[in-house]
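Since the structure comes first, as C-alpha cells, the remarks are kept for the end.
In what follows, every chain begins at residue 1, and chains take the letters A, B, ... in the order their sequences are listed. Source: prediction; values computed, not measured.
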Amino acid sequence: MKFEIHHKDASTRARTGKLFTSHGEIETPVFMPVGTAGTVKAVHQRELSDDLNAQIILGNTYHLYLRPGIDIIRQAGGLHQFMNWQRPILTDSGGYQVFSLSGIRKLTAEGALFSSHIDGSKHLFTPEKIIEIQRTIGADIIMALDECTSFPSDHKAAAKSIELTHHWLERGFAHFQHTEPVYGHEQSLFPIIQGSVYKDLRIRSAGEICTYPADGYAIGGLSVGEPEELMYEMVDVVTGIMPEDKPRYLMGVGTPVNILESVAMGVDMFDCVMPTRNGRNGMLFTSRGIMNMRNNKWKDDFTLLDPDGTCFVDQHYSKAYLRHLIISKEILGAQIASLHNLSFYLWLMKEARKKINEGVFSDWKNKMIKQLSERL
RNA sequence: GGGGAGAUACCAAAGCGGCCAACUGGGGCAGACUGUAAAUCUGCUGGCUGAUGCCUUCGUAGGUUCGAAUCCUGCUCUCCCCA
C-alpha cells in the first residue's frame with residue numbers, strides 16, 4: 001500500500017498525504033467512522049458515501065467473528081460485499097476487546113481466551129487466527145492482535161504487556177506474510193505500539209514495532225483513562241520514532257481537540273466512537289463548541305441545528321426538533337445526531353488538511369481548539 | 001336508595017403506629033461517554049442548608065397516643081356492585 005506525503009507544516013509536525021488502497025485513495029489526516037458490527041450505527045452506507053463522503057470506515061474482528069460469523073462473511077464475498085460498502089475498510093483486531101471485555105477473558109502467551117458477550121461461549125484468539133479472520137473479512141487495512149494495556153498499570157505490568165504484544169506481533173506478522181488475501185485485493189497489516197504512559201516503554205515498543213516492514217504503524221493503549229497531558233506526551237515521543245514515510249494511526253482518539261493536537265504531532269489516521277455514540281446519547285460537536293441536546297434550554301430554540309454545519313441535517317432541522325427526538329428516544333434523533341457529528345469530524349479533518357496545505361495550520365488549530373472546548 | 005372499595009409527592013404505585021421526607025417505575029433536571037458488551041450508564045428530583053440539621057407534607061376537619069401516611073370519628077370527592 002503506497003503512502004505519499006504532500007505537504008509538511010512548517011511550524012508543527014503536521015503533514016498531509018495520500019494513502020492508496022485497492023478500494024480507493026484516502027487523503028490524510030483522516031478520521032475513520034467506527035462501524036463495529038458491519039454498520040456505522042444509525043448511518044446508512046449511502047449517507048456515509050454521498051452525504052458525509054467518508055473515505056474509510058472501521059469494522060471489528062471480534063464482533064463480526066461472533067456475529068454473523070466468519071462463514072457468513074466468506075459466503076457474502078467479504079465485508080465490502082456483505083455491507084455494500086465499496087470504499088476502504090480497516091478492521092480492528094479485537095485487541096481493544098482484550099481491554100474492554102477484561103472481565104470475560106484470559107490472556108496467555110498463546111493468545112486471548114474470550115467468553116462471548118453474546119452467549120458466553122469460549123473462543124481463543126491467537127495472533128495467527130486473528131490474521132485468518134481478517135483475511136476472510138477482507139478489510140484493506142488489518143490490525144495485529146495486541147494487548148491494549150489498561151490504565152492505570154504499573155511500570156512492571158506495562159512492560160510485561162508490551163512483551164506480550166511484541167510476541168504476538170512476531171507470530172501474527174509471520175502468518176500475515178505466509179498467507180494471501182482471500183478476495184484478490186491488497187491487504188496491509190498495521191502493528192500496534194503499546195507502553196502505557198511510560199516514555200521508556202513507549203520508546204522500546206516503538207523501536208521494536210517499527211522494525212517490521214509494515215505499510216503503516218499504530219499507536220494503541222491511549223485515551224483509556226489517562227490524563228490528556230500524558231497521552232500527548234506519549235504521542236509526541238512515539239511519533240518522533242515512527243518512520244516519516246509511513247502513515248501513523250492513533251487508535252481510538254478522540255475528541256476534536258485531541259485529534260487536532262495529535263495532527264500537530266504528525267498523526268495521520270484516527271478513529272473514535274465518540275461522534276456516533278455521544279451523538280446517540282444527545283451530544284453534538286460543533287465548530288463553536290459542545291451542545292447537550294437534552295438540555296432544557298434547547299426546547300424552544302427553533303434556529304438551525306448548526307448554522308455553520310455542512311451536513312444537510314444541519315440546514316434542515318432545528319435544535320428544538322432534535323431535542324424533541326432525542327428526549328423522546330426517537331430513532332431519527334440518533335440518526336440526525338450521528339450524521340451531524342460525523343459530518344463535523346470529517347469537516348474538521350478536511351479543514352485541517354486544507355490549512356496544512358496552505359501553511360496556516362498552527363494558527364488555525366489554536367483558534368479552533370479554543371472554540372471547540374466551549375459548552376453551548 | 002342499599003352495599004363495597006379507595007383518596008400518598010408531577011404521574012403511577014408501595015408503605016398500614018416509631019427505622020418515613022416516605023420503596024419502586026415513569027416523567028423532569030443535570031452529568032458521563034475516546035481502537036462500541038452502550039439508541040447506554042450515573043446522580044438529583046418538598047423547602048432552606050456546604051454538611052449535620054431544621055421546617056412543611058400522605059383528601060379534609062377533629063380525636064386517640066410519648067409518637068400517626070399508618071388507629072378512631074365527621075365531612076368532601078372518586079370508583080365498583082345491586083336497585
Side-chain angles (χ1 to χ4, degrees), chain A residues 31-43 56-64 66-67 89-105 114-120 130 134 139 141-151 165 190-194 218-228 231-232 235 249-259 261-262 267 269-285 290 292-299 323 325-338 341 345 375:
Chain A
F31 179 79
M32 309 181 282
V34 177
T36 305
T39 160
V40 176
K41 292 185 194 296
V43 182
I56 171 173
I57 62 171
L58 254 70
N60 188 288
T61 303
Y62 168 83
H63 296 263
L64 293 168
L66 287 182
R67 195 168 53 192
I89 296 175
L90 180 154
T91 41
D92 187 23
S93 61
Y96 188 75
Q97 281 62 48
V98 171
F99 158 79
S100 67
L101 305 179
S102 58
I104 55 175
R105 52 78 163 157
F114 281 98
S115 288
S116 160
H117 69 276
I118 298 166
D119 63 8
I130 284 299
Q134 291 185 98
I141 300 172
I142 67 179
M143 303 303 298
L145 184 65
D146 66 330
E147 182 189 0
C148 179
T149 314
S150 59
F151 179 85
T165 291
F190 283 21
I192 305 168
I193 298 162
Q194 291 289 339
I219 308 164
L222 291 175
S223 65
V224 290
E226 77 284 2
E228 286 195 342
M231 173 174 91
Y232 293 141
V235 171
Y249 167 26
L250 179 54
M251 305 186 77
V253 172
T255 66
V257 172
N258 291 162
I259 290 176
E261 295 288 16
S262 303
V267 176
M269 303 167 68
F270 301 89
D271 78 281
C272 191
V273 302
M274 211 171 245
T276 43
R277 180 191 287 169
N278 288 27
R280 288 195 305 283
N281 293 331
M283 182 182 206
L284 253 56
F285 297 94
I290 291 162
N292 182 345
M293 294 316 295
R294 294 199 319 262
N295 286 172
N296 184 262
K297 60 185 159 196
W298 308 119
K299 72 177 174 196
R323 172 182 145 85
L325 294 177
I326 295 281
I327 290 280
S328 309
K329 298 182 162 54
E330 283 292 337
I331 294 168
L332 185 59
Q335 294 178 292
I336 292 173
S338 300
N341 279 347
Y345 265 65
R375 287 199 83 109

Describe the nucleic acid contact of [X] in one word from base, sugar-phosphate, nothing, applying a heavy-atom distance below 4.0 Å.
X	answer
A:Gln194	base
A:Asp271	sugar-phosphate
A:Met231	nothing
A:Glu330	nothing
A:Gly221	base
A:Glu228	base
A:Thr276	base
A:Leu58	sugar-phosphate

Find the distance [X]:[atom1] to [N]:[atom2] and express it as a whole number of Å.
X	N	atom1	atom2	answer
A:Asn278	B:A32	CG	C1'	9 Å
A:His63	B:U36	NE2	C1'	6 Å
A:Phe31	B:U36	CZ	P	11 Å
A:Lys41	B:U34	NZ	P	14 Å
A:Ile192	B:G35	CD1	P	13 Å
A:Ile56	B:G35	CD1	P	16 Å
A:Asn60	B:A38	CG	P	10 Å
A:Asn341	B:U36	CG	C1'	15 Å

Respond yes when some side-chain nitrogen or oxygen of [X] is under 4.0 Å from OP1 or OP2 of [N], and no when none is.
X	N	answer
A:Arg277	B:U40	no
A:Gln97	B:G35	no
A:Ser223	B:U34	no

Is there a Watson-Crick or G-U wobble partner for [N] with both distances under 3.5 Å, and which nucleotide is it?
N	answer
B:C71	B:G63
B:U40	B:A32
B:G1	B:C82
B:A12	B:U24
B:A7	B:U76

What closest approach, in Å, do [X] and [Y] show between heavy atoms, and which atom pair accounts for it?
X	Y	value
A:Leu90	A:Met269	CD1-CE, 4.1 Å
A:His117	A:Tyr62	ND1-OH, 2.9 Å
A:Pro191	A:Ala144	CA-CB, 4.1 Å

Please determine, by modelled atom types, if [X] and [Y] share a side-chain donor-acceptor pair under 3.5 angstrom.
X	Y	result
A:Asn258	A:Tyr232	yes
A:Gln134	A:Thr91	yes
A:Tyr249	A:Asp271	yes

Span that lies between the [atom1] atom of [M] and that of [N], in whole angstrom:
N	M	atom1	result
B:U24	B:G35	C1'	39 Å
B:A69	B:G18	P	10 Å
B:G47	B:A22	P	13 Å
B:A7	B:G59	C1'	6 Å

Item to complete: Indicate the ring-plane relationship of A:Tyr345 and A:Phe285, choosing parallel, tilted or perpendicular according to the 30° and 60° boundaries.
Response: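 Answer is perpendicular, since the angle exceeds 60°.
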
So which protein N/O to nucleotides 25-31 of chain B N/O distances come out below 3.5 Å?
residue, atom, partner, partner atom, Å
B:C29, OP1, A:Asn296, ND2, 2.7
B:C29, OP1, A:Arg323, NH2, 3.1
B:A30, OP1, A:Asn296, N, 3.4
B:A30, OP2, A:Asn296, N, 3.0
B:G31, OP2, A:Asn292, ND2, 3.0
B:G31, OP2, A:Asn295, ND2, 3.0
B:G31, N7, A:Arg294, NH2, 2.9
B:G31, O6, A:Arg294, NH2, 2.7

Fill in: With A:Glu261 via salt bridge (Lys or Arg N to Asp or Glu O under 4.0 Å) - residues at least two apart
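Here the qualifying residues are A:Lys365.
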
Worksheet entry | Side chain of A:Asp92 - closest among B:U36, B:U34, B:A37 |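 Between B:U36, B:U34, B:A37, the one nearest the side chain of A:Asp92 would be B:U36.
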
Worksheet item: Between A:Ile326 and A:Arg294, is a side chain to side chain contact (heavy atoms under 4.5 Å, CB included) present by the stated rule, with each step listed?
Response: CA-CA 7 Å; A:Ile326 295 281; A:Arg294 294 199 319 262; 3.7 Å; yes

